[in-house]
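Reminder, nothing fancy here: chain letters follow the sequence lines and each chain counts from 1.
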Amino acid sequence: PLAAETLPALRLSVLQYGTAHWELDYIQREGLDRQQGFALELHPVANLPASRLALTSKTVDGAVADLLWVQSRYEAGAALLYVPFSSRIGEVVVAPDSSISRIADLAGKRIGVAGGPDSKGWILLQRVAAGQGLDLAASSEIQYAAPPLLSEALRRGRLDAVVTYWHFAARLQAEGSARTLMPLSDLLVELSLADQLPVLGYVFRDDWGRQNRELVDRFAAALRQAKQALTNNPDAWASVRALMRARDDRTFAALQSGFVAGTPPALDDERIASLQQLLLLTGTAPERVMPSSLFYREHP
Amino acid sequence: MLELTFEGKSYQQSVLGPISLRIHRGDRICLLGPSGVGKTTLLNILAGLDTEIRATTTGPSRELRIGYLFQEPRLLPWRTLYQNLALVGANRERAAHLLGQVGLAGSGHRYPDQLSLGMARRAALARCLAVQPDLLLLDEPFASLDPERASELQGLITRLLDQSPSMAMVCVTHDERDAQALASQSWWLEGSPARLRVAGAGRGAAAEADSRSGLTLLGRRA
Amino acid sequence: MLELTFEGKSYQQSVLGPISLRIHRGDRICLLGPSGVGKTTLLNILAGLDTEIRATTTGPSRELRIGYLFQEPRLLPWRTLYQNLALVGANRERAAHLLGQVGLAGSGHRYPDQLSLGMARRAALARCLAVQPDLLLLDEPFASLDPERASELQGLITRLLDQSPSMAMVCVTHDERDAQALASQSWWLEGSPARLRVAGAGRGAAAEADSRSGLTLLGRRA
Amino acid sequence: MTTQSRPSGWTNWVALPVLLALWMALAFALDSALLPSPLTVLQTLMEQAASGQLWHHLGVTLYRVAVSFALAMLLGIALGFWMGRSATVNAVLDPVLVLMLNLPALVTIILLYVWMGLVEPAAILAVVINKVPNVAVTIREGARSFDYKLEQMAEVYRFSGRQRLWDLWLPQLFPYVMAATRGGLALIWKIVLVVELLGRSDGVGFQLHMAFQVFDVSAILAYSLAFIAVVQLIELAVLQPLERRAHRWRHPEARHA
Amino acid sequence: MTTQSRPSGWTNWVALPVLLALWMALAFALDSALLPSPLTVLQTLMEQAASGQLWHHLGVTLYRVAVSFALAMLLGIALGFWMGRSATVNAVLDPVLVLMLNLPALVTIILLYVWMGLVEPAAILAVVINKVPNVAVTIREGARSFDYKLEQMAEVYRFSGRQRLWDLWLPQLFPYVMAATRGGLALIWKIVLVVELLGRSDGVGFQLHMAFQVFDVSAILAYSLAFIAVVQLIELAVLQPLERRAHRWRHPEARHA
Ligand SMILES: Nc1ncnc2c1ncn2[C@@H]1O[C@H](COP(=O)(O)OP(=O)(O)OP(=O)(O)O)[C@@H](O)[C@H]1O
Ligand SMILES: Nc1ncnc2c1ncn2[C@@H]1O[C@H](COP(=O)(O)OP(=O)(O)OP(=O)(O)O)[C@@H](O)[C@H]1O
Ligand SMILES: [Mg+2]
Ligand SMILES: [Mg+2]
């Protein structure tokens, strides 16, 4: 490998306690970036808007974002190259002793939704419910709020069900204050889409991505290496644990397996089509869906 | 009616020495003394504005109503003259009457800042008469006034005192002629710290008042 | 030295009628008139405080230095007397000297709120003398003062005027004796809107000043 | 020194058109979605208005602002007045005031939401708690600089409590109350935004956040400007006339604005 | 009416211990991670201090607060003064002031970050833009209520510009400046929090939001209290002595606090 200062730098903004940080930290710690011939530069940010702002203001080259946001940026004229990161959409959790066992049971209940009405998990859930003849938004009491507040509200019994990010759900479960009604990825199956679709990705400005295609390739390769190591080698997690803020081993285990379960298969034509189908289902006009060229495909 | 004894009053330096005095109903007192000697300080004490020194009222237990003409007008600048008078209980009619008496007829709707200083002082005098005081404290009531206006007001005050013989008055002035005309006794403040010295009676109605007067003056050593 | 002509001055109502006047170096003028007639208003105009009416200076083009004793002291309450005097250019020594002359020796370090009103007025007089004015405007300089202090200050002002014969003075007073003692001419403000009427000369140094005096008074119809 | 008692009417209408023109030019020059032209923003505004969205969210936010403004001003004035009048009370409460003043809105909001649940009273209370110290700090300065001469006058003439309040103290506090009102309205609205963002499902703050998610600057500006228009209306229809009324007594040489 | 010129020393130290005791009791009663006891917070504080984290983030934030405070006060005082003195300027600029005052911090922050990048000057500028209107609104009220009698005096005695500023205007503005300072420090720190949250990788705001993501209330409180302690220090070591000095001239009957 070349000396660090001569390596091309890849700047990524990362949520300090976000799940992407785990694998990125692993890459840096193990020197996978240098092995692949680039230097990974991480810009920690405190929350999602900050991460988006960093990308938009070109302070960084890439960030983690979810598919719907990438689509909305595309519609706004800012095309982004999408490198798959995770297929974890989120989960619907209910109190452990809750009588809710099916989507239909959610009718008339108090539902908390993380991320607001545009959150993809929520949109999908509504779709599926609508398929069963249930208008969730109308028949239940919806409360949008920040995920930590929702977790707390569920613990205190102020909400009956919460649609939240998977790691919040994992923590709730590990501490025994909730059980999963269903992983939202199951919804994809119900909507007859491919399994394990990567709804979260690393995104880069398209023009930048085209000029730095090779750098993106190297990054993707490092990613693959890291994911493999984290999947196959439980010891690899030791160094990441500090970032996971796991209160106990159960939480740690839940987070670990949750992360591994979210590793998406590489994209191919069929899966890209499925992703585009997903965009259609969440309300995108057919003529405005992101073209397949924006979905990153690894070289064989 | 009012008794007051204290060992002295000092700010940074000592202003008033030990003083003991008594004011009876109907007393008409002029307070004289050089500038800065402590006249206003004494009036403030009589008005109950000093937090450390309190006068005791004797006689009917009802609290004394005090009309105090401060050395500056101290009208509320954001209230018209009518409103200023209404605040001390004078209805519109009485306010107009009083303003007329001090030569401010027709100025009731003006704000204090729209008056000359002499006019503002007269308005303050009207306010001080409006409360129908038991004790009238006047700090240089005739400053900033032309001689005609001054003697007019002197007449007004004398008439008022004559009409309500139980009203007592302490009037600060620098003009011995005022003292002569208004008062039955003169008090002198002198020295530093200042002592009170009582002086001869005035003329006119004063003589009669004087006979009832019970001012006791004890220039005690501290 | 100073020329002024205007058609009138009114607030809500008309205060001053048409007035045209001229003040020469060395003029000693007393301005008399009933309370509220417009004396202060006229002084303000002479001092250049009126935004609509401007006096024109004649003679050496240098701007007139004006010393104005306002009717209230108008000292900066957050500055000591020394600082107040320093602000108009008097150094410590001169400030101490001036304060001594008005009977405030040793009070230089006090704040205005720690003075009696009479003392504050004297401090303001000291400030007004400190600028070594070409034109001295005095609005009732002897109000709130005991007779001894008043005549002392009268002497001070007379001496000062005698020392600098080019200094002019306009002094508002209600006391004809003051007018006699200080001034070589008297101006009367009368009526509503007020007109200026010039009256006989005073005594003493006045006679000489009078011969040079060029006050022109045109009570013009509007 | 400007001495005109009231400037001519056009003066109020210079700055905004100029600003608008500048904005237009800038938007045209940049031609970026991140600075939409005024027309785009207007269009967004119309759409939102037509769909009823605007009125709903604006109404909810205005309601929250109004309620918490009223409460915060009342409490803040009372507290500031008390602290300004009594040195002892001030010394005792000052550390608490500093504490409350500098406690990040986030902290109170989170704690209240957690304790009381994601309910309306928690939102309102959070805003009030955030705003009261600000009002108190301003009013305290006012209460400290009362004129003792008028105070003595009121003492001698035995002003009643009501008279002291209305005729003696409030007129002296007036400029401070106005400063607290203007700054306060702005601050409260900003806190309401955070409160809505974190735990409410409606209101301008919620909408702004949604727009922010997708970098819809045009919607962000549309909602901001809608609120600002309301404040501008309050300013012109309530605050300025009130101010003119309250300043009527001032010497014309001293009267400004 | 309280008239003692300065309350005894203990008064300053009553409220905080009481508050602390209350907090302790409440934390003990609730026994929830959402209201950690003072001891837990202290421990977190010590840990953060020992690791150097606290000093780093606090230092960065204080630096931002200091720079933007100085700039905002300077500009705000100048603007407020100008608007307070001239009715025309005020009428022209008032709509802009209302606009700037009520523009959500979020909007300026986003736009500046997007245009200038996530750089320090953008952060500082965003804070300054947010704060200047607040200062201006307060100072304007002060400049409006200047005593015209002293103004005339200064006119006659031909005070120089410097004299007017230092000896005539600033003493009259003083209470307004103090109000703007206290409220301003608090407001700026709150805006800095948002600014750091959105575009910086250090500072207390960054730490606070990270703690919020994982609901670490004890860390939230630790960082908040660390900043509040600094402000309390400024209050006791700078503002209060300054205030006592500036109020020296007041009649003792009128002097409070
Ligand atoms: N700012 C103002 N607004 C309205 N009217 C005013 C104003 N200032 C003065 N006046 C009016 O102008 C007239 C003259 O006032 P001025 O102060 O000149 O009187 P003056 O002769 O100095 O009286 P005094 O001897 O009582 O001081 C008064 O009738 C007063 O009511
Ligand atoms: N608040 C204060 N602080 C310090 N000293 C004061 C204060 N008030 C008054 N004094 C001092 O007390 C003395 C008496 O003041 P006072 O006002 O009673 O005088 P006065 O006799 O009314 O004088 P004048 O005739 O000038 O009004 C003065 O020497 C003054 O300096
Ligand atoms: Mg006196
Ligand atoms: Mg006058």
message = As an exercise: rank Val89(E), Leu103(E), Leu19(E) by heavy-atom pairs under 4.5 Å with chain D and give me the winner.
response = Leu103(E)
message = Let me confirm one number: the CZ-CD distance from Arg144(D) to Glu243(E), rounded to the nearest 0.5 Å.
response = 4.0 Å
ask   = If you measure from CG on Leu185(D) to CG on Leu101(E), what distance do you get to the nearest 0.5 Å?
value = 8.5 Å
task = Considering only heavy atoms, give the residues of residues 218-225 of chain E separated from chain D by less than 4.5 Å, sorted numerically, with 'none' for an empty result.
result =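 Listed by number: Ile220(E), Leu221(E), Ser224(E), Leu225(E).
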Under a 4.5 Å cutoff for heavy-atom pairs, which residue among [options] has the most contacts with chain E?
options	answer
Ile139(D), Val14(D), Val137(D), Val204(D)	Val137(D)
Phe227(D), Tyr176(D), Trp189(D)	Tyr176(D)
Val217(D), Leu35(D), Leu193(D)	Leu35(D)

inquiry  = How about CH2 on Trp23(D), more than 12 heavy atoms from neighbouring residues, nucleotides or ligands closer than 6.0 Å, or not?
reply    = yes
Among Ile191(E), Asn130(E), Asn102(E), side chain to side chain contact (heavy atoms under 4.5 Å, CB included) partner for Lys190(D) = Asn130(E)
task = Could you tell me which portion of Leu187(E) (side chain, backbone, both or neither) has an atom closer than 4.5 angstrom to a non-hydrogen atom of chain D?
result =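 Answer is side chain: those atoms of Leu187(E) sit under 4.5 Å from chain D.
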Partner residues of Gln232(D) under the side chain to side chain donor-acceptor pair (under 3.5 Å) criterion, sequence neighbours left out =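 Result, side chain to side chain donor-acceptor pair (under 3.5 Å) vs Gln232(D): none returned.
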Sequence-distant partners of Glu235(E), side chain to side chain donor-acceptor pair (under 3.5 Å), two or more places apart =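 Testing Glu235(E) for side chain to side chain donor-acceptor pair (under 3.5 Å), a comparison that skips the adjacent residues, returns Arg182(E), Gln240(E).
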note = Honestly, the part of Leu99(D) sitting under 4.5 Å from a heavy atom of chain E is both
key: All salt bridge (Lys or Arg N to Asp or Glu O under 4.0 Å) counterparts of Asp216(E), not counting sequence neighbours   = Arg245(A)
